Amino acid sequence: MLYINCPHCGMRSQNEFSYGGDASVKRPELNKEVSDQEWDNFVYNRKSLRGKHLELWQHISGCRQWIKVERDTATHEIFKTFKADEEVA
Amino acid sequence: MTQAFRIENGGLINRDKKLSFKFNGKTYLGYEGDTLASALLANGVHLVGRSFKYHRPRGFFGAGVDEPYAVVQLFRNGETEPNIKATEQELFEGLEAKSVNCWPSVNFDIGAINNFLKIFLPAGFYYKTFMWPKSFWYRIYEPFIRKAAGLGVASTKHDKERYEHKYEYCDLLIAGSGPSGLAGAYAAAKNGAKVILAEDKPRFGGSLLTSDVNIGNQSGKDWAEGIIAELKTMPNVVVKNRSQIFGYYDHNMLVMSEKVSDHLPSTKKYHPNKRLWYIRAKEVLISSGSIERPIVFGNNDTPGVMLSSAAKEYLKVYGVLVGRKPLVFTNNDSGYETAIEFKKHGVDPVVLDSRKNPESEIIDEAKNLGINIKNSHVVVAAQGYKKVKSADIASISEDKKQLGKIENIQCDSICVSGFWTPTIHLASQSGNKTKFKEEIDAFVPGQSKQNEITLGAANGIFSLDETLKTSFKAGSELSKKITEKDNEISIPNVVEKKSSQHDKFWCVPLPEGKNYKRFLDFQNDVAVSDVEIALREGYRSIEHVKRYTTLGMATDQGKTSNLNGLQLVSEIENKVVPAVGHTTFRPPYTPVSIGAIVGREVGKHSKPTRKSPMHSWHEKNNAVFVDAGVWLRPRYYQRGNENLFEGSKREAKNVRTNVGVCDVTTLGKIDIKGPDAAELLNRVYTNAWLKLPVGKARYGVMLREDGIVMDDGTTTRISENHYHMTTTTAQAANVLSHLEYYLQLVWPELNVNVVSTTEQWAGAAIAGPKSRYLLQKLFPNSDVSNEGLPFMGYMEGDLFGVKARIFRISFSGELAYEVNVESDYGNFMWQKIMEVGEEFNIQPYGTEALSTLRIEMGHVAGSELDGRTIPFDNALEGLVSKKKDFIGKRSLQRSAFTSEDRQRIVGVVPLDKQTSIPEGSHLVKDDKAPLPNPKLGHISASCWSVEYDNPFSLAILKDGKNMIGQKLFAMSPLKNKVIPVEIVSSHYVDPKGERVRS
Ligand SMILES: [Zn+2]
């Protein structure tokens with residue numbers, strides 16, 4: 001079970017969180033013309049990366065904040081966690 | 001029965017307490033502190049089971065967790081458990097056990113015929129033979145294998161025992177209480193670290209209990225006892241025996257199974273049977289020791305052949321002789337320690353040492369005691385069927401290829417020592433890259449991935465002095481980092497005998513003309529010849545060889561077989577062992593009861609049960625409950641002997657003619673506040689929300705980004721910047737997360753707060769033509785007329801002194817209201833509604849009537865919003881704004897979603913107006929068409945229309961828009977039904993929606 005550092009609450013076990021997918025995906029702006037390809041990339045197309053991956057988790061049984069977690073998908077090592085509005089360095 | 005093999009004195013058992021127990025129906029005596037294995041051996045019982053494949057007689061091979069043979073079926077306190085190692089099961093008064101894998105009895109086993117047919121059962125036999133013909137599988141092969149195989153029978157009864165889970169955090173977790181574990185734990189504890197020390201056996205001390213060493217001025221055993229006693233007094237230390245750490249998971253999470261009650265005749269009141277510990281440790285010290293390796297020779301599975309360390313443990317810990325004429329077969333000095341113990345107790349062993357001229361302190365001691373030692377000698381084969389009677393021995397050449405003249409000598413046991421294999425399971429599970437250590441012919445932990453360190457024998461260090469030094473140091477340094485304290489500990493002096501180099505010899509060659517089975521894996525009956533066949537047939541990867549031969553795949557996880565298997569593969573393949581590599585070590589290290597894994601989450605406790613504040617009223621009024629997610633909801637309120645169909649029909653009819661009340665507390669409720677609340681709703685819902693006036697409710701549909709409907713519900717504007725959203729019961733949690741996602745990540749600029757208020761409000765839906773009269777009487781000071789509270793209106797009212805929210809919304813298609821009060825007043829509200837409603841013939845209605853009412857009105861719910869439908873499919877396209885953007889809108893342009901014959905909701909009526917259509921039935925054009933019959937749609941919900949008194953269903957049907965009036969068939973192969981139906985409008989009752997506005 002992963003041990004995740006919630007930037008709001010501190011170290012908590014994985015079972016307090018729910019996974020939210022790739023954090024690098026950006027939703028196209030509202031009311032903007034979007035091509036089929038662009039939209040498909042946003043809704044469906046994901047890279048299944050091996051290695052460092054920036055992903056979203058929600059601290060669902062804690063502060064309910066969505067956070068960003070930089071994790072290695074192969075080793076499960078967590079390098080850093082960020083608040084939702086924090087710049088990922 | 002006398003305990004003929006129990007020595008007069010000695011051992012760590014309690015001789016003041018005799019225990020009686022039964023094995024295979026026969027009664028024996030043992031002592032408190034025995035294991036089932038030691039007590040049986042004390043009584044001279046060596047035959048405990050039959051092997052898995054050939055059903056060969058099986059005895060005891062080890063004395064602990066490594067035991068491959070002595071797996072029994074245990075009976076305790078009216079329960080039975082399979083797969084219990086007799087070497088681990090502590091004896092208690094009244095214990096009963098039986099052999100497994102033999103029929104009709106362990107002494108006469110029909111399956112043993114396999115042993116004589118063994119030429120037909122080589123590696124891969126099952127794969128090759130039972131493949132063909134396919135039709136034989138169910139009728140012949142599987143029943144045969146099922147009868148022949150298996151290591152016990154699982155109980156089919158409900159398990160009365162209780163199992164607990166515990167979460168724990170510590171600075172240092174120490175796995176194993178041998179010398180390295182004790183030293184590491186002691187040093188860390190002295191530095192103030194929070195320490196957990198776990199030992200799988202009942203007694204602490206590991207190898208110190210059986211080795212002849214001195215630490216300080218004490219024997220190793222006394223030193224261990226002193227350390228444990230001191231650790232137990234320290235508040236920062238948890239010391240646990242009977243506790244096996246069986247898994248090392250991510251981020252230093254380890255799981256330990258504590259056997260709380262297995263050593264007792266029955267579990268004490270309020271105690272669990274087992275407790276599963278989830279331990280998050282900052283640092284882990286692995287001090288799991290080592291397991292002796294067998295040497296492979298002919299018939300080496302005969303009862304009476306066992307590990308030399310096990311024989312020593314039976315003698316030193318339990319005071320039991322495994323034989324009176326033992327043969328010790330060794331390639332290192334450990335065998336001499338066992339021989340010396342025998343000699344000390346008046347038994348004359350013969351030692352066969354594969355080495356030519358070994359010299360060491362221990363060997364000198366053995367010589368001085370007058371022990372008969374034969375150098376350059378090996379056991380070629382054990383003789384005897386159910387018990388060793390003699391051994392064929394021979395001298396062996398220096399290159400270990402040539403055997404001398406074979407000689408038969410009498411013996412009743414053969415104690416084997418092929419040197420030691422470090423127990424690296426936990427280290428390997430943690431992701432440690434293990435490495436092969438030439439000097440000991442075994443793998444040891446290498447580069448750590450997580451915060452773990454392996455000490456002592458588990459790390460291939462077999463000198464006690466070095467083990468203690470390195471372990472004290474490791475415990476001290478790791479704890480210092482955490483506690484920033486540094487209490488010097490003086491490391492005690494160690495007196496131990498120096499050993500000489502072991503012989504890299506592990507397998508005795510077959511003598512000419514002999515075809516002895518030489519077993520590698522004792523539990524799965526994998527012999528040298530099986531691995532040879534696998535390699536001959538082209539299997540190369542050790543993982544493939546393992547699966548093809550089943551080497552190391554039994555419940556003992558190859559604890560005694562792994563390395564010899566690797567040696568064999570490397571020898572045949574002409575590769576070094578590290579190039580062959582070892583198979584993956586996976587948790588659990590030892591079998592774990594399913595009960596322990598499940599813990600207390602069984603039956604009613606497997607999930608929380610949520611009840612509305614009105615639950616007690618429902619109970620008192622004969623509600624029949626149904627699970628709705630985690631909620632318990634009244635399905636109907638039973639009158640007399642009514643069944644569900646009759647009761648729900650009565651309730652639904654009463655709503656259509658008078659007035660009914662339904663508990664809708666379970667609906668998800670989200671409180672939304674902030675200046676941008678309207679903007680959020682406008683983006684989340686498909687319809688327009690910016691112009692909703694205060695005091696008005698609106699129905700809305702929300703989509704996922706892929707265009708699929710996520711949920712529906714009404715949201716009410718309570719005040720300028722304050723909204724009350726309702727969701728379906730099932731989607732409440734998802735919708736809240738969904739809103740939080742957009743507010744926190746996508747549109748953080750929106751100034752809005754959302755919070756779940758599901759549990760803060762109790763809700764009652766009042767529905768039916770007489771509902772307004774009732775409402776007026778409930779709220780005499782409010783104007784609830786059609787003008788004062790129009791359809792989709794909202795007001796606050798005073799319910800006999802309780803503040804209430806009144807919404808004019810309808811899910812039944814009737815004139816209806818929903819009243820909310822704070823949860824604590826829920827019961828009060830409900831009682832008032834029932835009291836005041838009496839004159840209007842009010843009846844409570846449950847979920848079944850609720851469904852009936854919504855289905856015949858064509859209102860969609862969870863069975864239509866099933867994660868596969870878009871607004872159009874549910875006839876909700878009128879709610880999809882063309883002007884504004886919203887979540888998921890772009891996806892609705894996808895060609896599949898805009899196709900001409902897109903699926904759509906329709907109503908379905910059976911032609912005979914009698915036969916109810918099972919939910920899930922498929923709609924097809926031709927009921928006689930060959931399979932697979934093209935499916936046009938499916939029945940999503942069915943009811944008995946109370947309006948028309950005939951069955952009515954909703955369906956999602958291809959090209960539903962143009963199908964009204966068509967005749968199709970509803971087919972349910974599950975219920976074996978074919979029903980001719982007609983497609984009608986989904987709005988079966990009041991299609992213009994006049995009633996809700998009346
Ligand atoms: Zn948090």
Side-chain angles (χ1 to χ4, degrees), chain A residues 1-5 7-8 10-45 55-61 63-69 71-78 82-86, chain B residues 165 167-169 247-255 278-282 430-431 433 449-451 679-680 682-684 703-708 733-734 736-750 753-756 881 883-895:
Chain A
M1 199 179 338
L2 305 184
Y3 206 27
I4 301 171
N5 187 8
H8 307 278
M11 298 301 295
R12 299 300 179 94
S13 271
Q14 182 184 348
N15 51 1
E16 293 186 12
F17 294 84
S18 101
Y19 182 68
D22 188 342
S24 66
V25 176
K26 258 199 119 59
R27 191 191 193 281
E29 268 170 51
L30 288 167
N31 300 307
K32 203 186 118 192
E33 277 284 313
V34 188
S35 71
D36 283 352
Q37 186 58 54
E38 225 177 308
W39 188 253
D40 284 354
N41 285 344
F42 160 62
V43 178
Y44 298 104
N45 298 332
E55 55 203 18
L56 293 170
W57 290 77
Q58 189 182 14
H59 195 187
I60 203 140
S61 305
C63 61
R64 293 205 63 88
Q65 294 300 301
W66 285 87
I67 61 169
K68 294 177 204 166
V69 175
R71 182 181 68 104
D72 190 308
T73 56
T75 64
H76 295 316
E77 184 178 352
I78 291 176
F82 306 86
K83 292 180 182 171
D85 58 357
E86 215 173 320
Chain B
H165 284 185
Y167 290 80
E168 195 54 87
Y169 296 80
Y248 198 135
Y249 300 92
D250 287 313
H251 297 181
N252 265 32
M253 158 76 80
L254 291 94
V255 186
Y278 293 87
I279 304 171
R280 187 81 69 177
K282 289 195 183 123
S430 81
K433 291 245 180 305
K449 200 187 105 186
Q450 303 198 40
N451 294 346
E679 179 61 27
L680 173 71
N682 207 45
R683 295 179 185 187
V684 166
L703 308 185
R704 312 190 305 217
E705 291 287 17
D706 64 1
I708 299 291
N734 290 344
L736 183 64
S737 268
H738 181 73
L739 298 180
E740 286 165 337
Y741 175 89
Y742 285 93
L743 285 173
Q744 293 172 25
L745 290 161
V746 186
W747 303 310
E749 68 278 9
L750 293 184
N753 270 310
V754 293
V755 67
S756 164
S881 168
K883 291 185 198 132
K884 58 139 195 175
D885 200 359
F886 54 84
I887 293 170
K889 185 178 191 183
R890 179 64 178 77
S891 288
L892 296 179
Q893 296 172 19
R894 300 176 65 84
S895 55

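Computed from a prediction, not measured in an experiment: that's the story for all the values here. All heavy atoms count here, side chains included; hydrogens, waters and symmetry mates do not. Proteins come first, then strands; the chains are lettered A, B, ... in the order of their sequence lines, and each starts at number 1.
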>> Could you tell me if the side chain of L30(A) sits less than 4.5 Å from the side chain of W747(B), heavy atoms only?
In response: yes
>> With a 4.5 angstrom heavy-atom cut-off, is it the side chain or the backbone of R894(B) that approaches chain A, or both, or neither?
In response: side chain
> Is any side-chain heavy atom of I4(A) less than 4.5 Å from a side-chain heavy atom of W57(A)?
Replying inline: yes
> Side chain, backbone, both or neither: which part of I60(A) has a heavy atom under 4.5 Å from chain B?
Replying inline: side chain
> Is NZ or CZ of R280(B) both nearer than 6.0 Å to the six-membered ring centre of Y3(A) and within 45° of the ring axis?
Replying inline: yes
> Any donor and acceptor pair, going by atom type alone, linking the side chain of E55(A) with main-chain N or O of V69(A) inside 3.5 Å?
Replying inline: no
> Given a strict heavy-atom distance threshold of 4.5 Å, which part of D40(A) is in contact with chain B: side chain, backbone, both, or neither?
Replying inline: side chain
> Do E705(B) and I887(B) come within less than 4.5 Å of each other through their side chains, counting heavy atoms only?
Replying inline: yes
>> I need the R27(A) CZ to K32(A) NZ distance, nearest 0.5 Å.
In response: 11.0 Å
> Given that the side chain runs from C-beta out, which part of K449(B) has a heavy atom under 4.5 Å from chain A: side chain, backbone, both or neither?
Replying inline: side chain
> Measuring heavy-atom distances to chain B, does V43(A) have an atom under 4.5 Å in its side chain, in its backbone, in both, or in neither?
Replying inline: side chain
>> Quick check on E77(A) against chain B: is it the side chain, the backbone, both or neither that has a heavy atom closer than 4.5 Å?
In response: backbone
> Is the backbone of A281(B) close enough, under 3.5 Å, to the side chain of N252(B) for a donor and an acceptor to pair up by distance?
Replying inline: yes
> Tell me, side chain or backbone of N31(A) under 4.5 Å from chain B's heavy atoms, or both, or neither?
Replying inline: both
> For K26(A) and F42(A), which heavy atoms make the closest approach, and how far apart are they?
Replying inline: O-CD1, 3.7 Å
> Which answer fits L736(B), side chain, backbone, both or neither, if we ask what part of it has an atom under 4.5 Å from a heavy atom of chain A?
Replying inline: both
> Which bit of W66(A) comes within less than 4.5 Å of chain B, counting heavy atoms only: side chain, backbone, both or neither?
Replying inline: both
> What part of S18(A) gets closer than 4.5 Å to chain B, counting heavy atoms only: side chain, backbone, both or neither?
Replying inline: neither
> Heavy-atom distance under 4.5 Å to chain A: side chain of F886(B), backbone, both or neither?
Replying inline: backbone
> What residue, out of Y249(B), Y278(B), Y169(B), has the most heavy-atom pairs lying under 4.5 Å from chain A?
Replying inline: Y169(B)
